Participant: 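I'd like to ask some things about the structure below.
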Amino acid sequence: MDTQHKYTVEEVLEIYSSLEVKDQELIKNKLLISESDFERLVKEDFIKYDATFKALA
């Protein structure tokens, strides 16, 4: 990751989804969000940006 780059939500979600499960768990724990809330937020963003992801692919 480039520390000088301002990442969009889509880019962060793409990076997150490419991580190993243990690293995803670490991120969830660091964010201090309950697992159900975190999963809900990720799913909402993927639904919201689904067309964008397909267009970029």
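These figures come from a predicted structure and were not determined experimentally.
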Participant: Using side-chain hydrogen bond (donor to acceptor under 3.5 Å, both in side chains) as the criterion, list what pairs up with T8, not counting sequence neighbours.
Facilitator: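 Here the qualifying residues are E10, E11.
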Participant: Which residues satisfy the side-chain hydrogen bond (donor to acceptor under 3.5 Å, both in side chains) test with Q24, sequence neighbours excluded?
Facilitator: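 In terms of side-chain hydrogen bond (donor to acceptor under 3.5 Å, both in side chains), with neighbours along the sequence ignored, Q24 is linked to no residue.
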Participant: Which pairs pass salt bridge (charged side-chain N to carboxylate O under 4.0 Å, His left out) with one or both residues in residues 13-26, sequence neighbours excluded?
Facilitator: E25-K28
Participant: Please list, chain by chain and in numerical order, all residues satisfying side-chain contact (heavy atoms from CB on, under 4.5 Å) with L26, sequence neighbours excluded.
Facilitator: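 L26: side-chain contact (heavy atoms from CB on, under 4.5 Å) contacts with K30.
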Participant: Just to verify, what does N29 make a side-chain hydrogen bond (donor to acceptor under 3.5 Å, both in side chains) with, not counting sequence neighbours?
Facilitator: none
Participant: Kindly list each side-chain donor-acceptor pair under 3.5 angstrom involving residues 42-57, sequence neighbours excluded, with atom names and distances?
Facilitator:
{"from": "E44", "atom 1": "OE2", "to": "R40", "atom 2": "NH1", "distance (Å)": "3.1"}
{"from": "D50", "atom 1": "OD2", "to": "K54", "atom 2": "NZ", "distance (Å)": "3.1"}

